[in-house]
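Only one structure is covered here, and it is reproduced in the block below.
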Amino acid sequence: MSKKYILEMFPYPSGNIHMGHVRNYVIGDICARYHKLKGDEVIHPMGWDAFGLPAENAAIQFKTHPQDWTLSNIKNMKDQLLKLNLDLDWDRELATCNEDYYRYQQELFIDLFNAGLAYKKDAIVNWDPVDQTVLANEQVIDGKGWRTGATVVKKNLSQWFFKITDYAEELLNDLDKLTLWPEKVKTMQKNWIGKSIGAEIKFKIAEKDRFLNIFTTRPDTIYGATFIAVSINHEIVSEILDKVSIEKIRKGFDEVNDDKEKIGIKLNIRCKHPILDKEIPVYIANFVLDNYGEGAIFGCPAHDERDFEFAKKYNLPIIKVIDCMDSELPYMGDGKLINSPLLNGLNKDKAIVEIIEYFIKSGTGREKINYKIRDWGVSRQRYWGCPIPVIYYEDGTYRVLDKSELPVVLPYDINLQDKGNALLNKESWRNIICPKTNKKAYRETDTLDTFVDSSWYYIRFLNNKIDKPFDPSQANEYLPVDKYIGGIEHAILHLLYSRFFMKALRDIYKLKIDEPFKQLFTQGMITHKTYKTTNNEWVMPIEVISKNGKLLRHKTNETIEEGPSEKMSKSKKNVVEPDEILENYGIDATRVFMISDSPPDRELEWTDEGIQSSKNLVNRVHRYFSEKKGDINLEIEKEIEKFVHNIEKNILNFSLNKCVADIYTLFNHLEKKNVYLYNDKLSKKILICLFPIVPKLSKSLNETLFKSDDFEKWPEIKTDLLIEDRIKLPIQIQGKLITTIDTKKGYSEKEILKSIYELDKIKNKMHNKKVTRIINVQDKIINIIVN
RNA sequence: GCGCCAGUGGCGGAAUGGUAGACGCGCUGGUCUUAGGAACCAGUGGGCAACCGUGGGGGUUCGAGUCCCUCCUGGCGCACCA
């Protein structure tokens, strides 16, 4: 018996299940039910990604408590999921906001800290001065706080980080092992990690006993360097200028209208060229990123677009060091080096190797691999999240708690209406006496990013009751998740964080697992036509009626314009509610529609015709099994065998739309032949294959026809029944189809040609022509080549 | 700008380099019905035809929707990443 861990991304309990969830979970459910029938040991859990900002917002808006709001949403959404008749392991259920989940996450935090993978450092954050809180990037709209409208300021705060950069190389390399992941997701992760190979070069500052480090992927162009540019946040800036001037410059940078426009402020220092006996100016430039490389660059205007633009604006020299013939500058391509005594005549790649060797010898630089990915900042100045198990002393030092001191329980009794972080305001919780030192101390009031919660939930599902985060031997046995199904919107963050967690936990707990998700399947979104009144007011599809070919709003008779199909969203009102659909069409028809109209990884357009025809199919299958007539022959058996084979193949490939086609094909055939199987044993086979897709119908038919409430194992394919002994053989002349002939498989070429030449269609085409070649792909095609 | 993916009937979509359009929706005609978002039967890429047809152009091959080159269009992702 082999294990199959099938997992759908767990939902955020926002209040209601939407159609996107339904599609996601139906896809997973079909896989899980199939594997169960196959006799596999299936793990198919469900839980709740229950911490997060919406709960706090709702609490403020509706004067409720985040916990009450969340738990009641979970209850409601669980009821909805139960109605979907999903075959889930509810005994594995977990919610990340419950103490019996997050206390183990606090243990993992301690593990990560002890392994050197969690650390604290200062970082710049978006600060809302009115609400006295940090805002996430997406909560800053046009530089203003989304709730207060106050101008957000950058603030330097001490924050916790996870050292994902330690794993950058492995996270990149192991993407190659993920053969069952969509290429698209892997590409996105690859770009996010952003590995680039280049060099770090040390520029001596002429006026100071100090160097400026820069990173470049083009050290070969060093002879063309005519300036240095640093980011406004570079430490050299604060060494030279006072705070007021820096802020003035920063403000100037911020006020640029065109964010591509390059501006620079010349500093009164110069850098020595590492090879040539000359000095080049140093600028603070708005286009130098402070969070990439060293936050400093050397400018080679002749061979870099941005440097070129900058040099033009500030009249800096442009020295050509790559022979690009008549090409206009800047020229970024390859070519022979010129004006570069040590490198002249070499091509780019060779020159890079040479110059790095020179840097190493002269102590002016070295080869450097740089990654775009930065360490994961996990501190959130928010109440509704997992408390970080750290305490601070009055002298500013801190201590990460021992596991025996856990859990740090999130206090229930808080006031969210006050400004700022509710935990910071909750002094009775925050202020403690350290039990180890008896010193006054206060708790860390930041909570963990909710992406931490979802980075290991798939491990906790293996045993949600064990009194430690997880059991390593169990993890080794049941991980990785065999099929992970969810939306592409998590292509980077969640999936990358989870991969990092898996690797970190592997190293801490000596696991044998490198990757959390063996196969990733990203389902497409559900779209729906949009409807608007002439006043541009969005209208729900259910309100729209068609009258004499015109669309009208049911109640008011307003004219309605139909817009393009877009992702279902509340704001555009183009949603359909799962509860209503289930009520009107039933669960099986809903399941069928979720998979029928397009491949599961593409978008699915919701249409009334679509759901109705799914309903019709379910009814038709039901009706089919209401009588027994016709003669069962070998051909019928073969057809059913083919059906079993196709359904199986298509479920395994996630080609679920083709499963629906298989069902139509089978019943079209049976009805055409006027064979109604009723309780013949062949019906059993069909019902088993239908079970993953339409479980309710299949189960009820099984009860009616066979008085059984259980299914046998998935049928073994009788391969001999899949073999056709007669085939339709296409006959081509010059590669063009002329006709097809009905013949036995395994015909002899000589004999079949004889009969082919007798055919009128062929005779006509061959008139006056000589056969020069025969291509016979046995049992597939015959192609006659004539002169 | 860079990267990735995709362009097939009226529509959604099928096709290990080997009969393009499976299957469904829609549509047309018919049957049954008091009625039907029901069911059933027949038809449905274009063209009267020879033939022509998988975004355009070229190539490889006996044979291309499929492989290669190139261009166009659309979608997604990243975006001053040095």
Side-chain angles (χ1 to χ4, degrees), chain A residues 182-196 198-199 201 214-219 221 225 229 231 259-262 285-300 303-307 309-310 332 370-374 488-489 491-492 565 584-585 592-593 596-599 601-605 607-617 619-620 623 646 650 655 657-668 671-672 727-741 772-786:
Chain A
E183 279 308 316
K184 188 185 166 127
V185 174
K186 290 197 278 185
T187 308
M188 284 163 76
Q189 292 210 353
K190 197 176 161 190
N191 294 339
W192 185 264
I193 295 166
K195 177 180 182 177
S196 35
I201 306 174
I214 65 94
F215 173 75
T216 178
T217 53
R218 292 298 302 275
T221 63
S231 140
D259 62 359
K260 292 267 177 190
E261 191 192 331
K262 291 174 181 51
N286 65 338
F287 67 95
V288 179
L289 304 170
D290 63 326
N291 48 28
Y292 183 78
E294 302 288 333
I297 59 149
F298 79 71
C300 175
H303 305 291
D304 183 284
E305 242 171 38
R306 300 150 299 182
D307 299 348
E309 204 185 309
F310 191 78
M332 272 78 69
N370 190 64
Y371 298 92
K372 200 167 85 179
I373 191 172
R374 291 142 67 202
I488 188 111
E489 65 272 22
I492 297 174
S565 209
N584 290 336
Y585 298 95
V592 169
F593 183 55
S596 58
D597 275 14
S598 30
D601 55 348
R602 281 197 227 168
E603 60 184 43
L604 170 73
E605 181 173 3
T607 59
D608 291 344
E609 291 84 359
I611 180 71
Q612 183 57 48
S613 66
S614 299
K615 177 73 184 164
N616 294 346
L617 177 65
N619 288 342
R620 178 179 166 189
R623 210 166 40 238
N646 286 339
N650 289 328
S655 302
N657 54 324
K658 286 191 246 168
C659 285
V660 178
D662 293 335
I663 298 172
Y664 278 109
T665 307
L666 175 73
F667 288 98
N668 284 349
E671 286 175 1
K672 187 131 212 150
I727 47 164
K728 267 187 182 172
L729 186 71
I731 311 299
Q732 297 181 330
I733 292 177
Q734 313 291 61
K736 283 195 172 185
L737 181 77
I738 306 302
T739 186
T740 60
I741 56 170
T772 56
R773 199 176 157 189
I774 298 288
I775 287 135
N776 173 31
V777 184
Q778 187 68 39
D779 298 335
K780 276 277 180 194
I781 202 163
I782 288 182
N783 189 5
I784 302 163
I785 311 302
V786 294

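Quantities reported herein were computed from a predicted structural model and do not represent experimental measurements. Chain A is the first sequence line, chain B the second, and so forth, proteins listed ahead of strands; every chain is numbered from 1.
- Nucleotide B:A20 is matched to nothing when pairs are restricted to Watson-Crick or G-U wobble geometry with both distances under 3.5 angstrom.
- A:E609 comes within 4.0 angstrom of sugar-phosphate atoms only, judged by non-hydrogen atoms across all strands, and of no base.
- When the P atom is used for both B:G53 and B:U66, the distance is 14 Å, rounded to whole Å.
- Nearest to the side-chain atoms of A:N668 among the listed nucleotides B:G37, B:C80, B:G24 stands B:G24.
- Residues A:F298 and A:A225 approach most closely at CD1-CB, 3.4 Å, considering heavy atoms.
- Comparing atom distances between the A:K672 side chain and each of B:A42, B:G24, B:G37 picks out B:A42 as nearest.
- Nucleotides B:C62 and B:A15 place their P atoms 27 Å apart, quoted to the nearest Å.
- Summarising the base pairing, B:G63 is matched to no nucleotide, lacking a Watson-Crick or G-U wobble pair whose two defining distances lie under 3.5 Å.
- Across A:I733 and A:V786, no two heavy atoms sit closer than the pair CG2-CG2, 4.3 Å.
- The side chain of A:R602 approaches B:G13 more closely than any other nucleotide in the set B:G13, B:U19, B:C23.
- Across all strands, A:Y585 comes closer than 4.0 Å to base atoms (heavy-atom distances).
- Closest to the side chain of A:K728, out of B:U19, B:C23, B:G13, is B:U19.
- Residues A:S231 and A:V288 share a closest heavy-atom pair of CB-O, 3.4 Å.
- A salt bridge links A:R620 with A:E671: the distance from a Lys NZ or Arg NE/NH1/NH2 to an Asp or Glu carboxylate oxygen falls below 4.0 Å.
- Across the protein-nucleic acid pair, A:F593 atom CZ and B:G13 atom P stand 12 Å apart, rounded to whole Å.
- When all heavy atoms of A:L729 and A:I781 are compared, the closest pair comes out as CD1-N, 3.6 Å.
- Across the protein-nucleic acid pair, A:N619 atom CG and B:A39 atom P stand 8 Å apart, rounded to whole Å.
- For A:K780, whose side chain is taken as the heavy atoms from C-beta onward, the closest listed nucleotide among B:G18, B:C23, B:A82 is B:G18.
- Taking every heavy atom of both residues into account, A:I214 and A:A296 meet most closely at CB-O, 3.4 Å.
- Of all nucleotides listed (B:C4, B:U19, B:G24), B:C4 comes nearest to the side chain of A:K184.
- Separating the NZ atom of A:K615 from the P atom of B:G24 is a distance of 19 Å, rounded to the nearest angstrom.
- Nucleotides B:A50 and B:G65 have their C1' atoms positioned 25 Å apart, rounded to a whole Å.
- An OP1 or OP2 oxygen of B:G18 is reached within less than 4.0 angstrom by no side-chain nitrogen or oxygen of A:N776.
- Look at the C1' atom in both B:G43 and B:C25: the space between them is 16 Å, to the nearest Å.
- Residues A:Y292 and A:S196 have side chains that bring a donor and an acceptor to within less than 3.5 angstrom of each other.
- The side chain of A:R218 contributes no N or O atom lying less than 4.0 Å from OP1 or OP2 of B:A82.
- Spacing between B:C51 and B:U70 at atom P, rounded to whole Å, works out to 36 Å.
- Remark: B:G3 base-pairs with B:C76; criterion is Watson-Crick or G-U wobble with both hydrogen-bond distances under 3.5 Å.
- Looking at heavy-atom distances under 4.0 Å, A:L289 makes contact with a base.
- For A:K372, counting side-chain heavy atoms from C-beta on, the closest listed nucleotide (B:G3, B:U19, B:C78) is B:C78.
- Pair assignment for B:A42: B:U28, on the basis of Watson-Crick or G-U wobble contacts that are both within less than 3.5 Å.
- Nearest nucleotide to the A:N191 side chain, out of B:G3, B:C25, B:A82: B:G3.
- Place A:G293 and A:T740 on RNA chain B by their nearest nucleotides, and A:T740 ends up nearer the 5' end.
- For A:K262 and B:C80, a side-chain-to-base donor-acceptor distance below 3.5 Å is present, hydrogens and geometry of angles not being considered.
- Closest approach of A:F215 to A:G293, counting heavy atoms only: CB-CA, 4.1 Å.
- Computed from coordinates, the A:I488 CD1 to B:C4 P distance equals 15 Å when rounded to whole Å.
- Nucleotide B:G43 carries an anti base; the chi torsion (O4'-C1'-N9-C4 or O4'-C1'-N1-C2) is more than 90° from 0.
- Counting any heavy atom pair closer than 4.0 Å across all strands shown, A:K736 reaches sugar-phosphate atoms only and no base atom.
- Note on A:N291: nothing from the nucleic acid sits closer than 4.0 angstrom, heavy atoms only.
- Between A:S196 and A:I785, the one whose closest nucleotide on RNA chain B sits nearer the 5' end is A:I785.
- Going from the P atom of B:C52 to that of B:U8 covers 22 Å, rounded to whole Å.
- We find that CZ of A:F287 is positioned 16 Å from C1' of B:G1, with the value rounded to whole Å.
- Looking at the side chain of A:D597, the nearest of the listed nucleotides B:A82, B:G12, B:C23 is B:G12.
- In this structure, the CD atom of A:E603 is 18 Å from the P atom of B:C5, given to the nearest Å.
- One interatomic measurement links the two molecules: CZ of A:F667 to C1' of B:C40, which rounds to 17 Å at whole-angstrom precision.
- B:C23 and B:G13 are spaced 8 Å apart, taking the C1' atom of each and rounding to whole Å.
- Residue contacts for A:K190: at a heavy-atom cut-off of 4.0 Å it reaches no nucleic acid atom on any strand shown.
- For B:G17 and B:U54, the C1' atoms lie 15 Å apart once the distance is rounded to whole Å.
- Note on A:N616: a side-chain N or O is less than 4.0 Å away from OP1 or OP2 of B:A39.
- If you take CD of A:E261 and P of B:C80, they are 16 Å apart, rounded to a whole angstrom.
- Considering only side-chain atoms of A:R773, the nucleotide from B:C62, B:U19, B:C40 that sits closest is B:C62.
- At the heavy-atom level, A:D307 lies nowhere under 4.0 Å from the strands shown.
- Within 6.0 Å of atom CD in A:E489, more than 12 heavy atoms from other residues, nucleotides or ligands are found, so the atom counts as buried in its surroundings.
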